[in-house]
Amino acid sequence: MKIKSELSKIIETALTNANINADEIVISDATKPEFGDYQYNGVMKLAKQLKKNPREIASMVLEHIDTTGMIAKVEVAGPGFINIWLNDDWLATQTTAILEDSRVGVGKVEKPQRVVVDYSGPNMAKQMHVGHLRSSIIGDTLATLLEFLGDEVIRQNHIGDWGTQFGMLIAHLEELGTDGNTQELKDLEVFYKNAKVRFDESEDFANKARDYVVKIQSGDEHCLKLWQSFIDASLGHCEEVYEQLNVNLKKEDVRAESFYNDQLPQVIETLKEKGISTNSNGAECVFLGDDETPIIVQKSDGGFLYATTDLAALNFRDKELKADRICYVVDARQAQHFKQVFTIAKQAGMVRETVALEHIGFGTMMDKGGKPFKTRDGGTVKLVDLLNEAVVRAKETIKEREAHSEEALDALAKSIGIGAVKYADLSISRESNYIFNLEKMISFEGNTSLYMQYAYARIQSILRKHNAEVSGEIMVGDAIEHRLALMLLKFEDTLSKSAKEATPHTITTYLYDLVTVFMKFYELNPILRDDVDEATKMSRLQLATLTGNVIKKGLEILGIDVVDKI
RNA sequence: GCGCUUGUGGCUCAAUUGGAUAGAGCAUCAGACUUCGGAUCUGAGGGUUAGAGGUUCGAGUCCUCUCAGGCGUACCA
């Protein structure tokens with residue numbers, strides 16, 4: 001239900017009938033229950049333009065607002081706010097209408113776009129570390145969300161598989177022998193470290209490594225084969241992590257750096273032709289605005305840089321993938337880089353003017369002391385280790401409360417532990433740095449996945465206990481049911497906002513508010529007690545069922561499984 | 001040096017993009033069980049939104065300066 005746009009239409013009609021012109025009508029949620037459900041704050045601006053008293057204008061508008069359907073009551077308050085109360089019967093009808101809807105009342109966008117979401121982007125030379133967590137799950141949520149809303153999403157995993165370090169790695173792989181290497185490849189950190197040791201201790205090895213870099217680039221078959229087997233092994237690690245994280249990235253979504261390799265000279269040619277780049281100190285550079293430091297697109301030795309690859313990728317995504325919107329889910333620290341690359345791409349005509357280019361930046365994960373997240377000895381924390389730890393902790397927590405069989409416990413621990421980490425990450429507004437705290441993540445209190453899971457399990461428990469058909473209409477009988485019904489209908493507005501701004505935390509905040517309201521409803525309004533009449537019982541069962549459906553769908557978009565029992 | 005960015009109760013985070021008395025959760029204190037799962041709910045205390053000016057009907061949000069962090073700054077990605 002697009003409540004806000006429905007209300008906008010009503011207000012627009014009222015304004016027209018009152019002979020007032022307004023360009024855009026923005027409806028916002030009421031800040032307090034006593035101010036109603038929604039409010040329109042635009043009158044103050046209009047009054048300024050018309051040079052009239054805002055309260056006077058608000059009263060004029062008020063007279064023309066249709067209060068026969070959706071709206072129950074309107075009121076002018078403060079300097080000129082128009083407060084809006086929705087009608088109970090309307091809420092009841094609308095919620096009843098979506099009881100059987102698998103999309104729980106969420107429609108599809110009118111104009112679907114083709115959206116490229118670039119996320120995860122691990123480096124093949126190393127194991128995935130905690131830094132990849134945010135990109136992977138924020139990107140995946142965005143992709144799932146846009147798809148659900150009807151856009152055509154193209155996932156792109158821009159893996160780092162090209163560069164000088166690969167010479168060293170494949171030389172080491174060759175030395176181990178392609179058959180005997182499987183053991184050491186299990187841990188890429190170890191593999192990398194050993195390769196580095198060889199590189200430093202042996203002049204022959206180092207020369208060979210450098211030689212191999214050139215050979216891969218020139219397409220030497222033997223080296224490419226070694227390289228490919230190394231990439232396959234490394235990608236295998238990533239796929240295990242994606243599997244564990246419930247992140248929907250497949251092999252066919254991989255479009256690696258190496259893919260763009262042969263397009264790089266063309267990028268330079270285009271930039272030269274258009275007079276965008278110049279030669280400076282032997283390197284091909286782009287100077288933007290008044291910036292003194294350039295963006296280097298080709299090194300003085302002829303090598304290319306990541307800006308060049310990104311330009312080639314932008315060109316490909318525009319020309320071949322024909323994207324309307326391209327989202328880069330990458331660390332916020334690369335903001336300048338993307339700003340520059342986007343500017344160059346548009347200037348050079350590599351991307352059409354109409355394409356929306358967005359850097360979906362996110363903050364860094366910190367430890368409890370507010371420092372960048374590291375292991376005790378200062379190394380990077382491997383993502384698998386962190387996730388495994390979360391599962392272990394979840395298992396301990398669940399075990400304390402209820403008796404489960406060992407298999408059930410393991411399965412529960414997996415979905416709950418991983419879900420808790422994901423939820424905690426997604427619930428923070430993405431651009432700020434955040435402090436990683438596993439205990440808080442696996443807590444049942446506050447805005448955590450377990451609080452949602454608990455509410456869901458409670459609802460399922462009621463339905464099991466009822467153990468019969470649930471039918472009939474929803475009736476909105478009191479203030480708390482009014483709030484609950486309204487929250488349920490707000491799901492679509494929430495998802496739209498989240499998609500537009502690429503902010504997963506909009507969804508978690510909504511779910512938390514929904515569940516909080518549901519918990520209050522649950523306390524105040526008994527469902528299965530004997531003294532509740534049949535129609536009320538059914539209505540409340542329906543409300544509970546619908547709440548469960550929305551929680552499930554919401555968590556599903558975040559890539560988190562719900563469980564019927566905790 | 002230049003550029004970008006952040007600063008919100010003791011702690012961790014919000015604030016519908018300029019709207020009403022800045023909201024939650026931890027923690028603290030006080031309540032509610034003949035439990036539809038108490039892993040819950042109700043309430044209280046705790047804030048000059050780093051500081052100082054400015055813009056206007058109205059500022060956590062916009063502008064200027066100061067203070068304190070973080071990040072980026074010519075051939076890594």
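Proteins get letters first, then strands, A, B, ... in listed order; numbering begins at 1 in each.
- Within 3.5 Å, a donor on the side chain of A:Glu501 pairs with an acceptor on the base of B:U17, or the reverse.
- Checking B:G25, B:A14, B:U16 against every side-chain atom of A:Lys440, the shortest atom distance belongs to B:G25.
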Subject >> From CA spacing to verdict: salt bridge (charged side-chain N to carboxylate O under 4.0 Å, His left out), A:Glu12, A:Lys9 >> reply: CA-CA 5 Å; A:Glu12 193 176 9; A:Lys9 281 181 207 157; over 6 Å; no
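- In this structure, A:Tyr260 and A:Phe316 have side chains that are in contact, with non-hydrogen atoms separated by less than 4.5 Å.
- In terms of phosphate contacts, A:Ser461 brings a side-chain nitrogen or oxygen within less than 4.0 Å of OP1 or OP2 of B:G37.
- Looking at the side chain of A:Pro79, the nearest of the listed nucleotides B:U16, B:C57, B:A24 is B:C57.
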**OP:** Could you give me the CA-CA distance, side-chain angles and deciding distance for A:Arg134 and A:Asp425, then say whether salt bridge (charged side-chain N to carboxylate O under 4.0 Å, His left out) is met?
**Re:** CA-CA 7 Å; A:Arg134 303 208 75 191; A:Asp425 193 298; 2.9 Å; yes
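- Which of B:U56, B:A77, B:A20 sits closest to the side chain of A:Tyr306 comes down to B:A77.
- Of all nucleotides listed (B:C13, B:A77, B:C57), B:A77 comes nearest to the side chain of A:Leu305.
- Looking at heavy-atom distances under 4.0 Å, A:Lys497 makes contact with sugar-phosphate atoms alone, never a base.
- At a threshold of 4.0 angstrom between heavy atoms, the contacts of A:Glu445 are confined to the sugar-phosphate backbone, with no base atom among them.
- Regarding contacts with the backbone of B:G23, a side-chain N or O of A:Lys32 is found under 4.0 angstrom from either OP1 or OP2.
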**OP:** Dot-bracket notation for RNA chain B is requested: 5' to 3', Watson-Crick or G-U wobble pairs only, both distances under 3.5 Å, with ( ), [ ], | and . as defined.
**Re:** (((((((..((((.....[...)))).(((((.......))))).....(((((..]....))))))))))))....
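- A:His505 has a side-chain polar atom (N or O) that falls below the 4.0 Å cut-off from OP1 or OP2 of B:A15.
- Residue A:Ser429 places at least one side-chain N or O closer than 4.0 Å to OP1 or OP2 of B:A14.
- Between the side chain of A:Asp331 and the base of B:A77, no donor-acceptor pair of N or O atoms lies under 3.5 Å.
- The listed nucleotides are B:U17, B:C36, B:A74; the one nearest the side chain of A:Val26 is B:U17.
- The ring of A:Phe81 does not lie on top of the base of B:G19; it is either too far (5.5 Å or more) or too tilted (30° or more).
- Side-chain atoms of A:Gln39 lie closest to B:G19 of the nucleotides B:G72, B:A14, B:G19.
- Listed nucleotides: B:U16, B:A74, B:A14. Nearest to the side chain of A:Thr509: B:A14.
- Taking the P atoms as reference points, B:A74 lies 46 Å from B:G58, given to the whole Å.
- Between A:Phe35 and B:A20, a base-stacking contact is recorded: ring centres under 5.5 Å apart, planes less than 30° from parallel.
- Distance noted for atom C1' between B:G47 and B:A15: 14 Å (whole Å).
- No engagement by A:Asp530 is indicated, since no non-hydrogen atom pair under 4.0 Å with the nucleic acid exists.
- No side-chain heavy atom of A:Gln156 sits less than 4.5 Å from a side-chain heavy atom of A:Tyr328.
- Closest to the side chain of A:Pro294, from the set B:A74, B:U17, B:G72, is B:A74.
- Stacking of A:Tyr434 onto the six-membered ring of B:C13 is not present when judged by under 5.5 angstrom between centres and under 30° between planes.
- With a glycosidic angle no more than 90° from 0, B:U17 adopts the syn conformation.
- For NZ of A:Lys2, the number of neighbouring non-hydrogen atoms (other residues, nucleotides, ligands) closer than 6.0 Å is greater than 12.
- Side-chain atoms of A:Pro526 lie closest to B:C36 of the nucleotides B:U40, B:C57, B:C36.
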Original post:
Can you give one letter per nucleotide of nucleotides 41-47 of chain B, going 5' to 3': B for a protein heavy atom under 4.0 Å from the base, S for sugar-phosphate only, - for none?
Top reply: SS-----
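- Here the nucleotide nearest the side chain of A:Lys465, chosen from B:U16, B:U40, B:G37, is B:G37.
- In this structure, the ring-ring contact (aromatic ring centres under 6.0 Å, His included) partners of A:Tyr510, at least two apart in sequence or on a different chain, are A:Phe491.
- Residue contacts shown for A:Ser432 are limited to sugar-phosphate atoms, with no base heavy atom under 4.0 Å away.
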**OP:** Start with the C-alpha distance between A:Asp513 and A:Lys490, add both sets of side-chain angles, then the distance that settles salt bridge (charged side-chain N to carboxylate O under 4.0 Å, His left out), and finish with yes or no.
**Re:** CA-CA 11 Å; A:Asp513 289 343; A:Lys490 279 184 178 179; over 6 Å; no
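- Residues A:Ser136 and A:Ser120 have side chains that bring a donor and an acceptor to within less than 3.5 angstrom of each other.
- A cation-pi arrangement, defined by a distance under 6.0 Å to the six-membered ring centre and an angle within 45 degrees of its axis, is present between A:Lys126 and A:Tyr192.
- For A:Tyr451 and A:Tyr454, the distance between ring centers is not under 6.0 angstrom.
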**OP:** Could you walk me through whether A:Lys520 and A:Glu481 pass salt bridge (charged side-chain N to carboxylate O under 4.0 Å, His left out), step by step?
**Re:** CA-CA 10 Å; A:Lys520 285 172 187 164; A:Glu481 291 183 4; over 6 Å; no
